[in-house]
Amino acid sequence: MRVEIWSDIACPWCYIGKARFEKGLAGFAHRDEVEVVHRSFELDPGRAKGDTEQVIDMLAQKYGRTPEEARSMEANVAANAQAEGLGYRTEGRDHGSTFDIHRLLHLAKARGRQDELLTLAYRANFAEDRSVFDEAVLVELAVEAGLDAEESRAVLADPQAYAAEVRADEQEASELGANAVPFFVFDRRYGISGGQPAEVFAQALEQAWKDRPVTASGGDAAACDADGACEVPGAAGTA
């Protein structure tokens, strides 16, 4: 069985949703027969390479909030991340174009190291004091994931390397009607959007394995939409 996950490194609910999905998968009896494929989705595709800013500043400007309100929004997301055992820095994180990261993830996919690089990139972006918008950091992460440093540098130096693969993923997301991430597709039978609880993913895996149709549940689950808005269920703000 194949599970495809559309996500973006800049999306906190993709980071949290990955952890929740993996918890659901861990308890699935046929987990060793599940192929997980990560696909590209940019929340800020119009942002130029090198155009970075602090996340707090971006949130305040994007949503017309004060810096204090933006910090409160981040604190809400951090609480959800920490509940899953994930680190989350609410201050000092960068926001920028994720296109190069997605290109490097496609190299990692070709080398069988995609999940390893994605996990490291999420951790660097949300929990560590390392900017994933710095090419030197990306090469460090690639090496940690088991990729060759020179090959990784060559991909980053060539703007066309794996660009078509990223665009193809994004086009497919559009065709599937995915306008928010994370977006999970189980064996091309149905999709689930948002950072659902682990038990929702566990149920979806069971039903997909049995080839039964299922209606996506948990409509209040948080997700980041195509405009980069990341909602927190029950919270006054958006993060």
Side-chain angles (χ1 to χ4, degrees), residues 5-24 38-45 47 52-98 101-102 105 115 118-133 137 141 173 178-184 192-201 216-239:
I5 308 172
W6 274 263
S7 61
D8 192 10
I9 293 298
C11 164
W13 290 108
C14 297
Y15 175 50
I16 295 167
K18 182 177 186 292
R20 291 176 175 174
F21 169 76
E22 288 172 350
K23 286 183 180 179
H38 297 282
R39 300 203 178 277
S40 302
F41 190 106
E42 294 173 275
L43 288 172
D44 198 356
R47 184 174 287 264
T52 60
E53 62 181 322
Q54 291 288 293
V55 168
I56 294 297
D57 294 337
M58 180 273 293
L59 291 172
Q61 181 177 10
K62 185 178 183 65
Y63 301 112
R65 305 296 181 89
T66 66
E68 291 73 22
E69 289 172 330
R71 290 186 180 92
S72 177
M73 292 156 60
E74 278 288 87
N76 284 329
V77 181
N80 280 269
Q82 290 159 4
E84 301 300 330
L86 300 172
Y88 196 98
R89 294 192 311 134
T90 58
E91 295 278 356
R93 290 194 297 110
D94 291 337
H95 177 77
S97 169
T98 56
I101 305 171
H102 285 297
L105 283 165
D115 187 72
L118 183 62
T119 298
L120 289 167
Y122 274 140
R123 185 182 305 158
N125 188 45
F126 290 106
E128 299 175 346
D129 188 17
R130 292 200 286 178
S131 175
V132 295
F133 307 104
V137 171
L141 294 172
N179 55 15
V181 287
F183 184 64
F184 300 79
I192 291 179
S193 182
Q196 303 282 352
E199 54 267 26
V200 172
F201 290 120
S217 59
D220 289 338
C224 297
D225 66 23
D227 292 328
C230 301
E231 297 182 354
V232 183
T238 303

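Quick note: numbers below take in every heavy atom, side chains included, and nothing from hydrogens, waters or symmetry partners.
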Distance-minimising heavy-atom pair for Arg20 and Pro197: CD-CA, 4.3 Å
Separation of Phe184 CZ from Arg39 CZ (nearest 0.5 Å): 14.0 Å
Interatomic spacing from NZ in Lys18 to CZ in Phe201 - rounded to 0.5 Å: 12.0 Å
Pair Glu74-Val55, side-chain contact (heavy atoms from CB on, under 4.5 Å): steps then yes or no: CA-CA 9 Å; Glu74 278 288 87; Val55 168; 3.9 Å; yes
Under 3.5 Å, which donor-acceptor pairs do the side chains of residues 121-128 form with other protein atoms, sequence neighbours left out?
unit_1 : atom_1 : unit_2 : atom_2 : d
Tyr122 : OH     : Ser7   : OG     : 3.4
Asn125 : ND2    : Ile9   : O      : 3.0
Glu128 : OE1    : Arg130 : NE     : 3.2
Glu128 : OE1    : Arg130 : NH2    : 3.1

Contacts of Ser97 that satisfy side chain to side chain donor-acceptor pair (under 3.5 Å) - sequence neighbours left out: none
Non-hydrogen atoms of Ala10 and Pro12 that approach each other most closely: O-CD, 3.3 Å
Minimum heavy-atom distance Pro182-Ala223, with the two atoms named: CD-CA, 4.5 Å
Stepwise side-chain contact (heavy atoms from CB on, under 4.5 Å) check, Asp44 with Asp8: CA-CA 9 Å; Asp44 198 356; Asp8 192 10; 6.0 Å; no
Residue list, side chain to side chain contact (heavy atoms under 4.5 Å, CB included) with Ala173, at least two apart or on another chain: Trp6, Phe41, Ala178
For Ser131, all residues meeting side chain to side chain donor-acceptor pair (under 3.5 Å), sequence neighbours excluded: Asp94
Nearest-0.5 Å distance that lies between atom CD1 in Ile56 and atom OG1 in Thr90: 6.5 Å
Distance, nearest 0.5 Å, that separates CD1 of Ile101 from CG of Leu118: 10.0 Å
Atom pair CD (Gln54) and CD (Glu91), whose distance is rounded to the nearest 0.5 Å: 8.0 Å
Whether Thr66 side chain and Glu69 backbone form a donor-acceptor pair below 3.5 Å: yes
Residues which pass side chain to side chain contact (heavy atoms under 4.5 Å, CB included) with Gln82, listed by chain and number, not counting sequence neighbours: Ala78
Which residues share a side chain to side chain contact (heavy atoms under 4.5 Å, CB included) with Gln61, sequence neighbours left out: Glu53
Heavy-atom closest pair, residues Trp13 and Cys224: CD1-SG, 4.0 Å
Stepwise side-chain contact (heavy atoms from CB on, under 4.5 Å) check, Leu43 with Thr98: CA-CA 8 Å; Leu43 288 172; Thr98 56; over 6 Å; no
side-chain contact (heavy atoms from CB on, under 4.5 Å) assessment of Arg47 paired with Glu42: CA-CA 10 Å; Arg47 184 174 287 264; Glu42 294 173 275; over 6 Å; no
